[in-house]
Structures are given as structure tokens and as C-alpha cells.
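Chain naming here is simple, since letters A, B, ... match the order of the sequence lines and numbering starts at 1 in each.
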Number of protein chains: 2
Amino acid sequence: MYTQAEENYLKALFSITLEVGNEEGVGTNELADYLKLTPPTVNNMLKKLKTKELVNYEKYGKITLSDSGRAHAVYVIRKHRLWETFLCKKLDFNWNAVHEIAEQLEHIDSPELIDRLDKFLDYPSFDPHGDPIPDAKGKIKTGSRKLLSELKPGAQCRLVAVKDDSTAFLDYVNRLGLKINSLIEVVDTVDYDHSMHIVVDGGSHTVSKKFTDSIQVLAV
Amino acid sequence: MYTQAEENYLKALFSITLEVGNEEGVGTNELADYLKLTPPTVNNMLKKLKTKELVNYEKYGKITLSDSGRAHAVYVIRKHRLWETFLCKKLDFNWNAVHEIAEQLEHIDSPELIDRLDKFLDYPSFDPHGDPIPDAKGKIKTGSRKLLSELKPGAQCRLVAVKDDSTAFLDYVNRLGLKINSLIEVVDTVDYDHSMHIVVDGGSHTVSKKFTDSIQVLAV
DNA sequence: TATAAAAGTTAGATATATCTAACAATTTTA
DNA sequence: TAAAATTGTTAGATATATCTAACTTTTATA
Ligand SMILES: [Mn+2]
Ligand SMILES: [Mn+2]
Ligand SMILES: [Mn+2]
Ligand SMILES: [Mn+2]
């Protein structure tokens, strides 16, 4: 099977393409940045991934996942999100603690284990951060989600996902009293720096653009 | 923390010392054999483990675990056996399938995960093969267990543990209808090759010394 | 369009973990 | 106790995954 490093590159490529909406492909430096590695390291690995036909890549060109590369990337994401769900639902972990552990667990190689874990969790559709869990066939539920930062004053919405796994961010989310499904009301926005006044559970808060860019919502 | 390779060496040293009752220490070749590696590979790793003060070892001398080496070995065994218990009890795996997966899971580094898993499983004392699970303080339950091969004709006993994790062995155990707690009656032994006639659940079988050496029992 | 900046690659080094081949030390045994 | 067998070590190679420094190619911009 694939090494941990290889799986991390595949997952990163998939996520960058999706998150940044980067259709035409990813650059070496961009990928290096995302993975917190140096460009030569990435360049070196790319050659390996190309030989294994997991990526499409020509010297000085953009990188994209091949079909098999994408399929495996989705599988790694499935593993990651199922484990996160297990940690929260069954072991009572706080949602801000599960990502780091799932980074390790996602590399365990046993398709049967993942199938059984999926069943044990009753085939969940979303992980504790609201992200969709690919099913056994690699199919991912997509919805018409928006970023909180896109909403206008007066809008009401429900938090469906957080797009930042860092403990600092999730701690802050917790401190604001926000959870998956929390009702958020946009009171006002500040033109100057796009910060936003929101009301959550009757509590009023001012949050930065950096923050509202990491909150995915569904209009209500 | 420790690498997977390091953890495997520590676990192997602990097991050899225990299983073979090897008190004075383990040799390079013996350890290499056990781990299915070559002696130079082991020699090389030993130097690293010595610098980290996990083993006591002098050139051409016997290898023993240091206190911290032993403590970590026990912790790896705790992780392994808790995961095996999880796989059987919660994910409904057959006991002959869990060892290989636990070989991977035992290297996940998160003490909190293990504590919570232990609680989730209601602090089990024995794994699916009947082996004792070290508690959070590293304490291991020991009992007055014997090998089936040590019993004399007429003896009755209960199977408490199997000492071979291989699929071939466990499949055979299953085929004989043996489970943890099965009642076994020793009918007769053959002097020539120490094979044994046993009765299990009314069924009569003849089993080899190799087999009876891998079955731990408690007299009844 | 020439130059500067950004992006990407190559070369060579390091660390981990493994191997084979050759050699050395220790232990067994005749 | 000398030779043989066993056990253990050293040297040098390979594979993976990473780094820094130097260089090249592509892209942006003056
Ligand atoms: Mn995550
Ligand atoms: Mn990962
Ligand atoms: Mn096992
Ligand atoms: Mn292991």
C-alpha cells in the first residue's frame, strides 16, 4: 500500500484543489507550503508519485491528481473523518482534540477495519466538524454551503462546518458558544476590515474576516 | 516519542524474556530471529536504543531492557491488547483477524486515546486471546497458568489463553471448537511425540506437542 | 523587451531502518 | 587446548523522506 507520506501528499492535493477551488492544478511551492515542507522535498516526492501514476505532472507544470490518486485521497479523507467521528461520538473527545489523533489513525491500512468502523458508527454522513464523510464507494455529499463571510447584515444561518482544524481556532469557536447547528445572526459588517457583528445564543460578538472565512453555514 | 521500529524492538525484548523465561538477557541473533530481521540490523538498532537508555547492552554481551525500556514495552503491549479487545468486542472481528491490525494500531501515540479506549471497553483485564492487559500504571495480572502440554491424562482444564497469534494457528483452534474458557479434558498422551488426545465439547481430537505448547490453561 | 522576481529543479547532505558480505570474538567440542 | 561452530560486529550499500545551497526556468513588470 501507500506510505504515510504518500497519503499525506494525496490528501493535500485533493484538499487544495477543493478548498482553494484550484482547478488547473497545484504548484510545487503551494503544495510545499501547505504541507510545511520545502519545495525540493515536494519535487522529489512528485517524481515518485508520478511513477506510481498517482499524479499528473510534467517538469515546470502544474500538478493534478490522477483518477487513482484522487480515489485514494478520498479514501484517506474517509478514514480520517470516520476516526474523528469515532473519537467524538464513542470516546467523548472534544472536537478540538480529534484532528491530531486522526492524522495518525488515517494511515492504518485495513479496509475491513474501516468498513466495520463505518457500520459501528451507523454510517455517519458528517464528521464532528461538519465535513462530509465519503461513503465506501468514495461518494461525497455536497451541499449549497456558504462561508459566514459571504453573508449580508440581517441574514440568519446555521453553522454546518468549520474549515480550520487548529486547536486555537476551535477553542475560540467553543468560547463563542458555537457548535455544529448553532444559529448565527449577522447584525452588521464593518467595511474597513470586513469584521462582523454576530449574535449567537443571545450573545453578541465581533469577529474578524479571518474567522468568518473559516465558518461554513447554511442559510436559514 | 518512540518510532514504530523502536517500539517493536522493546516489545520483542519483553516478550522473549517472558515467554522463553530468558532471565539473563537476550542475544543479538535470537532477537533478530524473533523480529525476522538480520543480526546486523539488530546490532545497529541496539546502539541507538542504548544511547536512549532503553536497553542495557555491552558489545558481545546479553541484552536486557532498562527500567524505562521495560515500562514502554509494557505500554506498547497495553495498547496492542486494548486495540485487539476493541476490534473483537466492538467491531465484531474474529479473534484470528485482530492481531495484524493491532500491530499497526499499537503505534498510535496518544496516551489520552488509550485511557479513553480503556474506559470505553470498561477496563478489560484480558484480551481476546486471554492475555492480561497491563493497567494504566503498567501492572499486569499474572495467574498460575500452565501449558496444555504440561497436563497429565485425566486432567481437566479451561482454555485461558493462546500463545500464538498466527492465523493458521487460530483457524485451527476455531476448527477444533475451542474458545476462551472452553473445557478441555486430557484423555491420553503419546510418549513417542508427546501428541495428546483431548475431548472438547464431546468431540475427540488428537493434537501435536507444537499445538499443546501454544495453549495456556487453568486446571479445573 | 530586458530585467527582476517568483517558481521550480538539481545536487549533495542527513537521518532512519534495513540489507549482504566479510570479519572477529566467544563458545562448544573433539 | 586447538579446531570448529556459533554468535556477534563492521563496512558498505539501498530505500525512504527530509533538508540547504545553488542553479534554471518561467512569469511579471518597469
Ligand atoms: Mn481533521
Ligand atoms: Mn496524515
Ligand atoms: Mn496480538
Ligand atoms: Mn508492532
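When the C1' atom of C:dA25 is taken as reference, atom NZ of B:Lys62 falls 13 Å away, rounded to whole Å. At whole-Å resolution of the value, CG in A:Leu35 and C1' in D:dA17 are 13 Å apart. A:Glu58 has its CD atom 16 Å from the C1' atom of D:dT26, to the nearest Å. Between the CG atom of B:Leu46 and the P atom of C:dT18 there is a distance of 13 Å, rounded to whole Å. Note: OH (A:Tyr60) to P (D:dT27) measures 11 Å, nearest angstrom. Remark: C1' of D:dA22 and CG of A:Asn43 are 14 Å apart, rounded to the nearest angstrom. The interatomic distance linking B:Glu30 (CD) with C:dT27 (P) rounds to 15 Å, in whole Å. Note: CG (B:Asn29) to P (C:dT27) measures 13 Å, nearest angstrom.
Between the side chain of B:Arg81 and the backbone N or O of B:Pro132 there is at least one donor-acceptor pair closer than 3.5 Å.
Both A:Asn44 and B:Lys48 lie close to DNA chain C; mapped to their nearest nucleotides by heavy-atom distance, the more 5′-ward contact belongs to A:Asn44. Closest-nucleotide positions on DNA chain D for A:Lys59 and A:Ala5 were compared, and the one nearer the 5' end corresponds to A:Ala5.
Here A:Glu30 does not pair with A:Lys62 in a salt bridge; the nearest charged N to carboxylate O distance is not below 4.0 Å. Between B:Arg116 and B:Glu112, at least one side-chain nitrogen of the basic residue sits less than 4.0 Å from a carboxylate oxygen of the acidic one, meeting the salt-bridge criterion. Ion pairing between B:Asp131 and B:Lys163 holds under the 4.0 Å rule for side-chain N and carboxylate O.
For D:dT18, the OP1/OP2 oxygens have a side-chain nitrogen or oxygen of A:Tyr9 closer than 4.0 Å. For B:Tyr57 and D:dT9, the shortest distance from a side-chain N or O to OP1 or OP2 is below 4.0 Å. Look at B:Lys47 and you'll find a side-chain N or O under 4.0 angstrom from OP1 or OP2 of D:dT10.
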*Evaluate the criterion ring pair (Phe, Tyr, Trp, His ring centres under 6.0 Å) for residue pair B:Phe86 and A:Phe86; output intermediate values, then yes/no.*
CA-CA 12 Å; B:Phe86 167 73; A:Phe86 167 73; 5.1 Å; yes
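Of all nucleotides listed (D:dT7, C:dT9, D:dT20), D:dT20 comes nearest to the side chain of A:Thr38.
Within 4.0 Å (heavy atoms only), A:Thr41 reaches at least one base atom of the nucleic acid.
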